[in-house]
Student: 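Here it is, the structure, as structure tokens.
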Amino acid sequence: MFGFQRVGDMVWACGDMMAKGFLLGATAGRTTLNGEGLQHQDGHSHLLAATFPNLLSYDPAFAYEITFIIREGIRRMYSEQENIFYYLTLYNENYPMPALPDGKEETIAEGVIKGGYLWQESLTEGECRVQLMGSGAVMQSVIKAAAWLEAKGIAADIWSMTSYTELARNAEACERQSRIDPDAPVKASNIATLFAGSKGVAVAVTDYMKALPNSIAKWMPLPYTCLGTDGYGLSEARDVLRDHFEVSECYIAGAALTSLAREGLINDGEFQAWFSELDISGEKEDPINL
């Protein structure tokens, strides 16, 4: 919040003078720094970061993701001497850090750098499937929502989306190349490669404004719903803030159910019964108006 809103000119100067290094957005996000009030709640720094052409921004959820990003940044900036710099959002919320799966380091590292990877594949079979996409601290809400959906027999794959900005930039670059060189073989974007073969519907959840995950909506191959933290916010506890912004597990599960019903992947009876279990009121005020 302070890094891009209050010293944005300095950050732009860093980019303009081709500085190298890492900007660490500590206590980032709009719902993790609870109790501090509006002036500290950051729901837009990743959108501002996207306006810096040589700044690569990431929103990691787990410790090993940070390791891969730092390692790649050191390689590109200091070994390859690229004139780029990095922005990483970090949080002040404590939650368990999973171990890096054995034998998957190279695959996961590649996904982290490109902007996303399949963190957990559901073992539930069937066409009724949800692709849940999370990042940063709200990944914990995504994990809880996935467990709730799985209990209903709905397969819920979990994706860790480390950088919507990098995914969007790559897709734009692929589209541009096809536009200026139409006779060349079409290069698949990282988004197309990432979700090739994925089924069902997709729900993206972020601790930032919906515009961040919506930046890749044009290229998503599945019905796509974005949840984010649009609005000023409140000085409250984390669980209350996440309910307020509609990024808690019940709203994630509700968005998944609604999308599945609209695509005909669950029937009306199942939808009504399951949705009624969630603490969601149709009369709730839109948080952007509060």
Side-chain angles (χ1 to χ4, degrees), residues 31 61-62 93 95-98 101 111 116-162 164 191 194-207 210 213-214 216-217 220-230 237-287:
T31 69
F62 305 121
E93 181 174 351
Y95 53 87
M97 292 293 137
Y117 66 97
L118 181 58
W119 181 72
Q120 180 175 289
E121 185 175 8
S122 173
L123 299 177
T124 302
E125 298 180 355
E127 294 296 317
C128 188
R129 203 167 195 95
V130 180
Q131 311 300 322
L132 296 182
M133 303 155 61
S135 57
V138 294
M139 175 63 89
Q140 299 305 303
S141 297
V142 171
I143 294 171
K144 293 175 184 177
W148 189 91
L149 292 165
E150 290 280 348
K152 305 300 182 186
I154 299 171
D157 299 323
I158 302 177
W159 300 77
S160 182
M161 307 303 294
T162 51
Y164 288 105
I191 297 172
L194 196 61
F195 291 96
S198 295
K199 298 180 179 179
V201 301
V203 178
V205 190
T206 177
D207 213 21
K210 299 180 186 74
N214 264 324
I216 67 168
M220 279 297 294
L222 300 172
Y224 186 52
T225 302
C226 294
L227 304 180
T229 56
D230 295 66
R238 293 188 183 107
D239 56 345
V240 176
L241 284 172
R242 287 172 183 156
D243 278 335
H244 169 75
F245 283 116
E246 301 166 10
V247 294
S248 61
E249 54 266 31
C250 70
Y251 284 95
I252 299 170
L257 291 178
T258 300
S259 189
L260 287 169
R262 287 174 177 171
E263 296 300 315
L265 296 173
I266 57 175
N267 62 48
D268 187 62
E270 291 171 326
F271 171 74
Q272 295 294 342
W274 293 337
F275 196 85
S276 66
E277 296 180 19
L278 303 171
D279 187 20
I280 297 176
S281 170
E283 298 180 357
K284 181 178 177 294
E285 184 76 23
D286 189 333

Student: Tell me, which pairs form a side chain to side chain donor-acceptor pair (under 3.5 Å) where one or both residues lie in residues 248-265, sequence neighbours left out?
Tutor: Asp243-Ser248
Student: Please, which pairs that meet ring-ring contact (aromatic ring centres under 6.0 Å, His included) have at least one residue in residues 138-158, sequence neighbours excluded?
Tutor: none
Student: Would you please name every residue forming a ring-ring contact (aromatic ring centres under 6.0 Å, His included) with Phe271, sequence neighbours left out?
Tutor: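 Expected list: Phe275.
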Student: State whether the side chain of Arg129 and the backbone N or O of Thr124 hold a donor-acceptor pair below 3.5 Å, judged by distance alone.
Tutor: yes
Student: Indicate the atoms forming the closest heavy-atom contact of Thr206 with Pro213, along with that distance.
Tutor: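 Answer, listing the atom of Thr206 first, then Pro213: CG2-CD, 3.6 Å.
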Student: Closest approach of Gly111 and Tyr117, non-hydrogen atoms and distance?
Tutor: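 Closest heavy-atom pair between Gly111 and Tyr117: CA-CB, 4.0 Å.
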Student: Measuring from atom SG of Cys128 to atom CD1 of Ile266, what distance do you get when rounded to the nearest 0.5 angstrom?
Tutor: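 Output value for this atom pair is 6.0 Å.
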Student: Do Val201 and Leu222 pass the side-chain contact (heavy atoms from CB on, under 4.5 Å) test, and can you show the C-alpha distance, the side-chain angles, and the key distance before you say yes or no?
Tutor: CA-CA 6 Å; Val201 301; Leu222 300 172; 5.8 Å; no
Student: Checking Thr162 now: which residues fulfil side-chain hydrogen bond (donor to acceptor under 3.5 Å, both in side chains) with it, not counting sequence neighbours?
Tutor: none
Student: Can you list everything that forms a side-chain contact (heavy atoms from CB on, under 4.5 Å) with Asp279? Sequence neighbours excluded, please.
Tutor: none
Student: Can you list everything that forms a salt bridge (charged side-chain N to carboxylate O under 4.0 Å, His left out) with Lys199? Sequence neighbours excluded, please.
Tutor: Glu127
Student: What pair of heavy atoms forms the shortest contact from Ala146 to Ile158, and how long is it?
Tutor: CB-CD1, 3.6 Å
Student: Specify the closest pair of heavy atoms between Leu118 and Glu121, including all atoms of both residues, with the distance to one decimal.
Tutor: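 Between these two residues, the closest heavy atoms are CD2-CB, 3.8 Å.
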Student: Spell out, as yes or no, whether a donor-acceptor pair under 3.5 Å connects the side chain of Thr229 to the backbone of Asp207.
Tutor: yes
Student: Can you list everything that forms a ring-ring contact (aromatic ring centres under 6.0 Å, His included) with Phe195? Sequence neighbours excluded, please.
Tutor: Trp159
Student: When rounded to the nearest 0.5 angstrom, what distance separates CD1 in Ile252 from CG in Leu278?
Tutor: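 Here the interatomic distance stands at 11.0 Å.
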Student: Given 3.5 Å as the limit, does a donor-acceptor pair link the side chain of Asp157 with the main chain of Gln131, or not?
Tutor: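 No, Asp157 side chain to Gln131 backbone: no donor-acceptor pair under 3.5 Å.
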Student: Please examine the side chains of Leu265 and Ile154, heavy atoms only from C-beta on, and report whether any two atoms are closer than 4.5 Å.
Tutor: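 SC-SC contact between Ile154 and Leu265 ruled out.
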Student: How far does CE of Met139 sit from OH of Tyr95, to the nearest 0.5 angstrom?
Tutor: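 With rounding to 0.5 Å, CE (Met139) is 8.5 Å from OH (Tyr95).
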Student: Scan for salt bridge (charged side-chain N to carboxylate O under 4.0 Å, His left out) pairs involving residues 143-156, sequence neighbours excluded, and state none if there are none.
Tutor: Lys152-Glu277
Student: Is it true that a side-chain atom of Asn214 and a backbone atom of Ala217 form a donor plus acceptor pair closer than 3.5 Å?
Tutor: no
Student: Looking at every non-hydrogen atom in both residues, tell me the closest pair between Val138 and Thr31 and how far apart they are.
Tutor: CG1-OG1, 4.3 Å
Student: Going by the rule salt bridge (charged side-chain N to carboxylate O under 4.0 Å, His left out), which residues pair with Asp230 if we only count those two or more places apart in sequence or in a different chain?
Tutor: Lys210
Student: So which heavy atom on Pro223 is nearest to which on Gly200, and how close?
Tutor: CD-O, 3.6 Å
Student: Does Glu285 have more than 12 heavy atoms from other residues, nucleotides or ligands lying within 6.0 Å of its CD?
Tutor: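 Counting neighbours around CD of Glu285, more than 12 heavy atoms of other residues, nucleotides or ligands fall under 6.0 Å, so yes.
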Student: By salt bridge (charged side-chain N to carboxylate O under 4.0 Å, His left out), which residues pair with Glu93, not counting sequence neighbours?
Tutor: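 Residues passing salt bridge (charged side-chain N to carboxylate O under 4.0 Å, His left out) with Glu93: Arg238, Arg242.
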Student: State which residues pass salt bridge (charged side-chain N to carboxylate O under 4.0 Å, His left out) with Glu246; sequence neighbours excluded, sorted by chain then number.
Tutor: Lys284
Student: Restricting to side-chain hydrogen bond (donor to acceptor under 3.5 Å, both in side chains), what partner residues turn up for Ser135, sequence neighbours left out?
Tutor: Asp59
Student: Calculate, to the nearest 0.5 Å, the distance between atoms OG and CG belonging to Ser276 and Leu257 respectively.
Tutor: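 If we round to the nearest 0.5 Å, Ser276:OG and Leu257:CG are 10.0 Å apart.
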